[in-house]
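The chains referred to below are lettered A, B, ... by the order of the sequence lines, with proteins before strands, and numbering in each begins at 1.
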Amino acid sequence: MPVITLPDGSQREYDHPVTVLEVAQDIGPGLAKATVAGKVNGELVDATRTIDEDAQLSIVTNKDEEGLEVIRHSTAHLLAQAVKELFPEAQVTIGPVIEDGFYYDFAVDHNFTPEDLEAIEQRMKEIVKRDLPVERSVMPRDEAVAFFRGLGEDYKAEIIESIPQGEALSLYKQGEFIDLCRGPHVPSTGKLGAFKLTKVAGAYWRGDSSNEMLQRIYGTAWPDKKQLKQYLTRLEEAEKRDHRRLGKELDLFSLQEEAGGGLVFWHPKGARIRKVIEDYWRERHLEAGYELLYTPHIALEDLWYTSGHKGFYSESMYAPMEEDGQLYQLKPMNCPFHVLIYKDRLRSYRDLPLRWAELGTVYRHEMSGALHGLMRVRGFTQDDAHIFCREEQIEEEILRILDLTIEMLSKFGFSDFEVDLSTRPDKAVGSDAIWDKATEGLRNALERKGLAYSVDQGGGAFYGPKIDIKIQDAIGRKWQCSTIQLDFNLPERFEMEYVAEDGERHRPIMIHRALLGSVERFFGILVEHYEGKFPLWLAPYQIVVMNITDRQAGYAQDVVEALKKQGFRAFADLRNEKIGFKIRERTLERVPYLLIAGDQEVASGRISVRTRSGEDLGSMTLETLTQRLNQEIAEFGQMQPKLENV
RNA sequence: GCCGACGUAGCACAACUGGUAGUGCAACUGACUUGUAAUCAGUAGGUUGAGGGUUCAAGUCCUUCCGUCGGCACCA
């Protein structure tokens with residue numbers, strides 16, 4: 001006779017085995033309606049699961065995170081059922097839950113069209129109306145293989161075959177549709193409803209590009225219609241800040257078909273912003289103890305053999321070009337060049353650490369399908385630096401890098417960081433001793449900086465452990481920009497040395513690091529983060545001065561000159577247009593400050609100020625204005641970043 | 001690279017089953033001299049991404065290439 005203990009400690013006693021759903025029903029019909037699954041002694045189970053002994057039970061509803069997952073998973077099954085009804089020849093494969101929704105992969109010859117998607121969605125709604133019970137059953141593994149083979153579901157059979165023999169598998173049946181699944185699922189299809197199919201795409205069977213391609217249907221599912229709508233609105237908002245769209249609208253950059261894919265053209269306004277970013281970057285690096293380097297764009301092919309890139313990176317490198325019987329190749333990375341400068345003379349331990357930074361433009365032949373606006377391009381500028389140091393200097397150097405990274409990312413307005421420490425993979429160069437020591441150095445630096453981090457065991461590169469830092473943008477998306485990477489390989493390959501105190505030659509440690517990642521990509525992230533409304537210090541133009549009639553043209557120009565003299569990026573809009581028209585245009589251009597010069601302003605020697613957010617600050621003297629602007633610039637990005645947030 | 005969709009004026013988009021390529025904004029010209037998110041009128045602008053084919057006739061159908069978009073795979 002089961003005694004059911006609920007999360008609040010209350011108990012219910014039954015004189016017969018009960019299902020989760022029955023308990024929920026007992027508590028209240030409202031709860032029963034919202035119930036999608038149950039948690040019995042910590043195990044997530046179907047709401048129809050029978051409990052026959054004493055147990056801890058919590059009812060999982062569509063409001064719980066786990067309940068939402070159940071809904072999404074069940075909606076994926078619903079999709080598969082609808083597809084099987086409409087396209088009986090389609091074979092089902094897998095259908096997992098993903099962020100905000102789910103997908104299901106099918107093997108079919110027919111290509112799903114947008115119209116098909118609509119028909120499938122319609123059929124899904126019909127099945128919801130049928131309110132079919134979802135029934136769980138158990139089948140021995142071998143029987144299950146034969147069962148799915150019998151149905152002509154070869155992919156399913158293959159999945160089951162990869163499960164160890166002797167295990168019993170659970171199957172879920174709704175109407176005529178049966179699928180292998182761990183569950184749990186909603187008790188009946190009527191529990192589903194707030195979903196939408198979003199897109200069709202190709203996807204490789206088992207994620208392997210040497211396998212055949214399946215057709216994947218993506219969908220999103222939510223507890224109710226309202227949340228579904230909110231999600232769709234969120235997608236629209238994200239689309240509005242798409243850097244490709246804003247890049248065109250605000251005339252910041254372009255990609256030119258005539259030049260080839262993945263090659264970025266910076267227009268005047270984009271270039272202004274880039275200059276601000278780069279000036280700041282160089283200045284901070286010099287202050288932080290770096291020296292700046294410039295290196296060529298091409299080098300002899302042999303160099304890339306020495307560095308090893310011809311071996312493990314050649315697929316991404318542009319083909320060699322021949323000149324005077326010698327082969328040159330475009331650089332995909334800056335590191336070998338910095339190594340050459342190091343090797344240009346004999347280094348002493350007294351020289352170390354050497355910190356060398358370069359905004360180095362590299363070219364990588366990314367696969368055509370990978371290209372994406374500024375986020376994934378073929379020619380880009382890394383904010384690269386290499387630190388050559390002694391083993392015992394690792395920790396201190398990493399700490400310095402972390403300081404600079406956090407400061408710089410904060411300056412650009414990011415305050416949420418996610419940090420990963422990746423350790424030694426199975427295949428790696430360098431002794432265990434040096435790996436341990438280096439990894440410890442990275443770990444200690446993170447601890448000293450007070451950064452919370454997660455460890456990606458075995459996730460490091462073959463040549464050294466690394467720290468990656470992700471930032472979160474204004475709408476919660478995460479971007480990996482910064483990477484700090486130890487390298488035991490290149491110093492070896494190039495036989496780098498320094499003379500130590502003992503007079504012997506030793507091998508230095510090399511640290512690669514990029515803080516912004518690439519200037520192009522970081523710029524794209526900034527555009528989306530700010531929706532083109534760059535903070536004052538970054539804005540391509542900070543101030544526009546607009547006259548009301550020709551009479552104030554001279555005054556407006558004087559104001560512009562005065563502002564420029566103080567280092568502001570200002571321009572005049574003297575077009576013979578109504579002030580409302582100019583305000584509209586310049587606001588859409590996201591110029592932070594709009595100054596208006598009419599007869600009143602000329603007479604008083606003041607200026608009327610309006611912000612791009614539509615705030616009318618009234619009239620003020622130029623001095624008051626520039627004070628305000630200077631303060632706004634100085635204060636920006638000085639906020640204390642959140643360090644403990646993982 | 002793979003699967004699919006798409007490519008029409010500077011931009012955003014129209015053009016029923018093949019039958020004279022249009023609209024809005026921008027540009028240009030003129031008028032208006034204007035007070036906080038669009039003044040009015042006029043003018044010009046296109047070998048429909050490129051090449052090949054089918055047809056009396058192709059923006060529309062077929063084909064190759066290029067590019068873009070959504071995914072997959074790969075990745076700063």
Fill in: Side-chain heavy atoms of A:Leu526 within contact of A:Phe414, under 4.5 Å
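With C-beta onward as the side chain, the pair touches.
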Fill in: Non-hydrogen side-chain atoms of A:Met546 and A:Ile583 separated by less than 4.5 Å
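They are in side-chain contact.
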N/O (side chain, [X]) to phosphate O (OP1/OP2, [N]) under 4.0 Å:
X: A:Arg206; N: B:A73; result: no
X: A:Tyr204; N: B:G1; result: no
X: A:Lys199; N: B:G70; result: no
X: A:His372; N: B:U68; result: no
X: A:Arg244; N: B:C69; result: yes
X: A:Lys248; N: B:A12; result: yes

What is the distance from [atom1] of [X] to [atom2] of [N], rounded to the nearest Å?
X: A:Asp384; N: B:A76; atom1: CG; atom2: P; result: 12 Å
X: A:Arg378; N: B:C75; atom1: CZ; atom2: C1'; result: 13 Å
X: A:Leu574; N: B:U33; atom1: CG; atom2: C1'; result: 13 Å

Across all strands shown, which nucleotide pairs with [N] by Watson-Crick or G-U wobble geometry, both distances under 3.5 Å?
N: B:G1; answer: B:C72
N: B:U43; answer: B:A27
N: B:C6; answer: B:G67
N: B:U20; answer: none
N: B:A15; answer: none

Fill in: Polar side-chain contact A:Glu366-B:A76 base: donor and acceptor under 3.5 Å
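Under the 3.5 Å cut-off, the side chain and the base do form a donor-acceptor pair.
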Worksheet item: May A:Phe380 be described as stacking on the base of B:A76, applying a 5.5 Å centroid limit and a 30° limit on plane angle?
Response: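 Stacking is present between B:A76 and A:Phe380, given that their ring centres fall under 5.5 Å apart and the planes under 30°.
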Practice prompt. Could you check whether A:Ala370 gets within reach of a base, just the sugar-phosphate, or nothing at all, counting any heavy atom under 4.0 Å?
Written response: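 Since a base atom lies under 4.0 Å of A:Ala370, the category is base.
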Worksheet item: Touch check for A:Phe522, heavy atoms < 4.0 angstrom, all strands: base, sugar-phosphate only, or nothing?
Response: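 Touches nothing.
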Fill in: Integer angstrom distance from the C1' of B:U47 to that of B:U8
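Rounded to whole Å, the distance is 13 Å.
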Worksheet item: With rounding to whole Å, what would you report as the distance between B:U54 and B:U60 at their P atoms?
Response: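 Each nucleotide's P atom is 15 Å from the other's.
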Fill in: A:Arg376, nearest nucleotide to its side chain (from B:A76, B:A37, B:U39)
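So the side chain of A:Arg376 is nearest to B:A76.
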Worksheet item: Where does the angle between the aromatic ring planes of A:Phe571 and A:Tyr541 fall among parallel (under 30°), tilted (30 to 60°) and perpendicular (over 60°)?
Response: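 Perpendicular, since the angle between the ring planes exceeds 60°.
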Practice prompt. Look up atom NE2 in A:His386 and atom OH in A:Tyr290, then write down how far apart they are to the nearest 0.5 Å.
Written response: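 A:His386 atom NE2 to A:Tyr290 atom OH measures 11.0 Å (nearest 0.5 Å).
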Worksheet item: Does any residue of residues 257-264 of chain A have a heavy atom under 4.0 Å from RNA chain B, and if so, which ones, in number order?
Response: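 Going residue by residue through residues 257-264 of chain A, the ones with a heavy atom under 4.0 Å of RNA chain B turn out to be A:Glu257, A:Gly261.
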